[in-house]
Amino acid sequence: MRASAARANGEGGWNRESSNLSSCQRTRGFLIPEVHTMDEKDKDQDEQDVGLSAPAKHSAEELLDAAAGDPLDPMRHSAAHVMAEAVLDLFPGTKLGIGPAIEGGFYYDFEVERPLTPEDLARIEDRMRASVKADHPFVRKELDPDKGRAFFVERDQPYKVEILDDLRIAADAVGEAAPVVTTYEHGPFIDLCRGPHVASTGKIGPFKLLSVAGAYWRGREDRPMLQRIYGTVWSTQEELDLYLWRRTEARRRDHRRLGVQLDLFSFHDISPGAAFWHPKGWTLYRTLENAMREIQEKRGYQEIYTPPLVSKKLWEQSGHWDLYREHMFVLESEEQTFSLKPMNCPESTFIYKSRMRSYRELPLRLSEYGKLHRNELSGVLSGLTRVRHFVTDDAHIYLRPDQIEAEIEGLFGEVREAYAWFGLDPTFTFGTRPDKALGDPALWDRAEAIMRDVLERSDIPFRVKDKDGAFYGPKIDIQVEDALGRQWQTATIQLDLVMLPERFDLTYVDENGEHVRPVAIHRAIYGSLERFIGVVLEHTGGALPFWCSPVQAVVVPIADRHNDAAQELAALLREHHLRVEVDDSSNRMQNKIRLAQEQKIPYMLVLGDREVEARSAAPRTREGEQQPVTPWRELAHRLEAEARERSPGPPAIQRPPVETR
RNA sequence: GCCGCCUUAGCUCAGUGGUAGAGCAGCGGUUUCGUAAACCGCAGGUCCAGGGUUCGAAUCCCUGAGGCGGCUCCA
């Protein structure tokens, strides 16, 4: 997947969109403080990992600064060396790959005879502790290039030799001499290394090895598969504990788990990568979709619907057939080749072109909740966040170049509103013209200047990723951080100067009667609804905001004699467009409350003799607050108003007790 | 796709070559209760699928499916 995704990306940003919509920034080392690594090497956002991080809000400046690196990096990298020492000791003959510091910890890639097991990890950890206890100093040495290479040849470390050879080739290419080879030695272990390190192994703080995973040498499918061990290391035990707590917490609120617990959706072998939505999950889904429709109606969008199954001719015209065919589900019928659409945009042009367009009707905003299918590799599927079947809150906006600024500003407003409903604070990443960009450079320059200007005026923090735009136009990606500080890529606003307008030959008639090209904007605010629901579930730990909770209140009659009144109250609340259930089971009230609590239902409305008599109810929130007894009518009006407000409600879980960094 | 691990009741899991288990959920009964678990009973299984080894397989081997953790933060 990696190779193909990278290819598609390199060539045409259209896969950008796919990335944005189909994957999450789940973690690799898992808890990774801050955003630093969001970009750097990986062109493919999809594969980028950013993890649970230190919480807190980030200003734009902080986001930019974060790229500087972590002060703990030398220690983390040193821990990787100590791990390599241990592995080499326990598994003689092991070939070493690389062992960098990563957010929250480190890894090292090894070629070992047999697969490593969790028991091996424990043994490696023990050996590492001994090395830390011995407090070996790290000693830097410099060797001339030839001696350095010979040293690693002699030690039978082919990957290290390859690294050195590549450095030499790179130096040759720019006419420089091969660089000096530096090694770091501690105790019995010596490794090719640029450094820096801590003074001695004793300076390495509390650590824990986390997992073993396969990893291609240099990430390339045609190179050997090495075994990568991930570890985490911190300066203090408290920090390590906090990190491990976050990991546990993240597992606890995993949306896949919550989906089962809250009876929202399930997955089945008969359709890998596609959710089966249960009644409650589908209620949530439709509630989000309809909330977004409200924004769109307010902003003058018009909703369309186009066929999911289309001839491959469409993709040949759009250029996707060459780039993306392997990610499409393709089928034959009567000697024609069709595919399930992996995106909506080309088809919307057919509606645009169905008749002559006047400058007066621009911007033309066409939204579509189209069902999309992308043939993701089986190995990358994951819950709702990486699926083969999904729907986006997609829209394509056709406009005149002079309308770009106002339109982008309007879109920022949509983002602000839609994310505030969940208590999510979005940040933006601005991708500028890539090397392979198509289209008029002057138009590019103008478009980028406008977008940058709007970004700077906006109150939403952003950072710039140079050359990360789509081939057809600059773009703005939207990220959010959830309650555990994890980064998620959700949505995207992409300016399209070329693809739809040129390839599909779109025009409108301007004031002078001339046929001229519009520009287009591809935009999705939630992105994939599947994925966004996954993010919201993990963000809230399942305690969804009141307005979108599948069951907003459960009426709890204390005894059977209160059941009729409970039904009456529920009926009244339903008349006020509230989603209400009655728990008339034979459970005791305490148990009814416990069950409602476990289902994270926002309100429990308790009904006993006193309440039935007064036609009132005693509300209890899922946070455990007992509210004053309230008459039915008043309650109905209050809750109805609360639902209409769409406030995110109180934070789902409290932060860990102490922040140590 | 590739590497490793996992798959036992609706859910969470125990069981490692000799008659398939627990808790919760479900169902039935008793109980009618004031803010996170009343009591008793019953039922529930293609041990992921297929093949093999064995007197005997949930357990060992092979193949497949699905899931989980990962798959250049370049010495």
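Quick caveat, the model's predicted, so the values are computed rather than measured. Each chain gets a letter, A, B and so on, in the order its sequence line appears, and its residues count up from 1.
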Report yes or no: do A/R388 and A/S271 form a side-chain donor-acceptor pair below 3.5 Å?
no

Smallest heavy-atom separation, A/L226 atom then A/E111 atom, equals CD2-CB, 3.8 Å

How close or far is atom C1' of B/G69 from atom CG of A/L209, stated in whole angstroms?
15 Å

Using atom P in both nucleotides, what's the gap between B/C33 and B/U8 to the nearest angstrom?
43 Å

Starting from the 5' end of RNA chain B, give me the residue, A/Q227 or A/K160, whose nearest nucleotide shows up first.
A/Q227

Is a donor from one side chain sitting under 3.5 angstrom from an acceptor on the other, for A/H197 and A/S78?
yes

Under a 3.5 Å limit on both distances, the Watson-Crick or wobble mate of B/A36 is none

Quick check on B/G69: is either OP1 or OP2 less than 4.0 Å from any side-chain nitrogen or oxygen of A/R256?
yes

Quantified in whole Å, what is the P atom distance between nucleotide B/G15 and nucleotide B/G26?
27 Å

Anything under 30° is parallel, anything over 60° is perpendicular, the rest tilted; go ahead and classify A/F265 against A/F267.
perpendicular

Using Watson-Crick or G-U wobble geometry with both distances below 3.5 Å, tell me the partner of B/C5, or none.
B/G67

Is A/R246 salt-bridged to A/E249, going by a charged N under 4.0 Å from an acidic O?
no

Roughly how far apart, to the nearest Å, are B/G50 and B/A9 at atom P?
16 Å

Heavy-atom closest pair, residues A/I102 and A/F106:
CG1-N, 3.5 Å

Looking at B/G17, which nucleotide sits across from it as a Watson-Crick or G-U wobble partner, both distances under 3.5 angstrom, or is there none?
none

In whole Å, I'd like the distance from the CD1 atom of A/I229 to the C1' atom of B/C71.
15 Å

Who does B/A43 pair with, Watson-Crick or G-U, both distances under 3.5 Å?
none

Let's test this: given Watson-Crick or G-U wobble pairing with both distances under 3.5 Å, identify the partner of B/A22.
B/U12

Check the distance between B/C68's P and A/R386's CZ and give it to me in whole angstrom.
12 Å

Phosphate OP1/OP2 of B/C73: any A/Y108 side-chain N/O under 4.0 Å
no

d(CE, A/M225; P, B/C2) in whole Å
9 Å

Of all the choices, B/G1, B/G67, B/A37, which nucleotide is nearest to the side chain of A/L381 once you look at every atom?
B/G67

Interatomic distance, A/R257 CZ vs B/C68 C1' [rounded to whole Å]
13 Å

Please report the distance separating the C1' of B/G67 from the corresponding atom of B/C48, rounded so that it comes out in whole Å.
11 Å

Could you report the tightest heavy-atom contact between A/K280 and A/E581, atom names first, then the distance?
CE-OE2, 4.0 Å

Quickly work out the A/L264 CG to B/C11 P distance and round it to whole Å.
15 Å

Look at A/Y107 and B/C73 and indicate whether a side-chain polar atom (N or O) is within less than 4.0 Å of OP1 or OP2.
yes

In whole angstrom, give the distance that lies between atom NE2 of A/H268 and atom P of B/C48.
18 Å

What's the closest nucleotide to the A/Y216 side chain, out of B/A38, B/C3, B/C71?
B/C71

A correct 5'-to-3' footprint of nucleotides 27-35 of chain B, with B, S and - meaning base, sugar-phosphate only and no protein heavy atom under 4.0 Å, is ----BBBBB

Taking atom P in both B/C24 and B/C6, what distance in whole Å separates the two?
29 Å

Pairwise C1' distance, B/C71 and B/G18 [rounded to whole Å]:
43 Å

How many whole angstroms separate atom CG of A/L377 from atom P of B/G69?
16 Å

In whole angstrom, give me the gap between the P atoms of B/C61 and B/G66.
22 Å

Closest approach of A/F189 and A/A84, non-hydrogen atoms and distance?
CZ-CB, 3.4 Å

Applying a 4.0 Å non-hydrogen cut-off, can you work out what A/P272 is touching in the nucleic acid: base, sugar-phosphate, or nothing?
sugar-phosphate

Return the pairing partner of B/A57 with a 3.5 Å limit on both distances, Watson-Crick or G-U wobble; otherwise return none.
none

Start at the 5' end of RNA chain B and walk down; is the nucleotide closest to A/P118 or to A/N591 reached first?
A/P118

Heavy atoms only, 4.0 Å cut-off, all strands: where does A/T183 land among base, sugar-phosphate and nothing?
nothing

So A/G148, base contact, sugar-phosphate only, or nothing? Heavy-atom distance under 4.0 Å.
nothing

Nearest-neighbour nucleotide for the A/V260 side chain, B/A36, B/C71, B/C11 considered:
B/C11

Please work out whether the ring planes of A/W217 and A/Y159 are parallel, tilted or perpendicular, with thresholds of 30° and 60°.
tilted

Quick one: side chains of residues 609-617 of chain A, donor-acceptor pairs under 3.5 Å with protein atoms, not counting sequence neighbours, listed by atom name and distance.
from, atom 1, to, atom 2, distance (Å)
A/D609, OD1, A/R561, NE, 2.9
A/D609, OD1, A/R561, NH2, 3.3
A/D609, OD1, A/H562, NE2, 2.6
A/D609, OD2, A/R561, NH2, 2.9
A/E611, OE1, A/G608, N, 2.9
A/R615, NH1, A/E568, OE2, 3.3
A/R615, NH2, A/E568, OE2, 2.6

If we take the C1' atom in both B/U19 and B/A58, what is their distance in whole Å?
14 Å

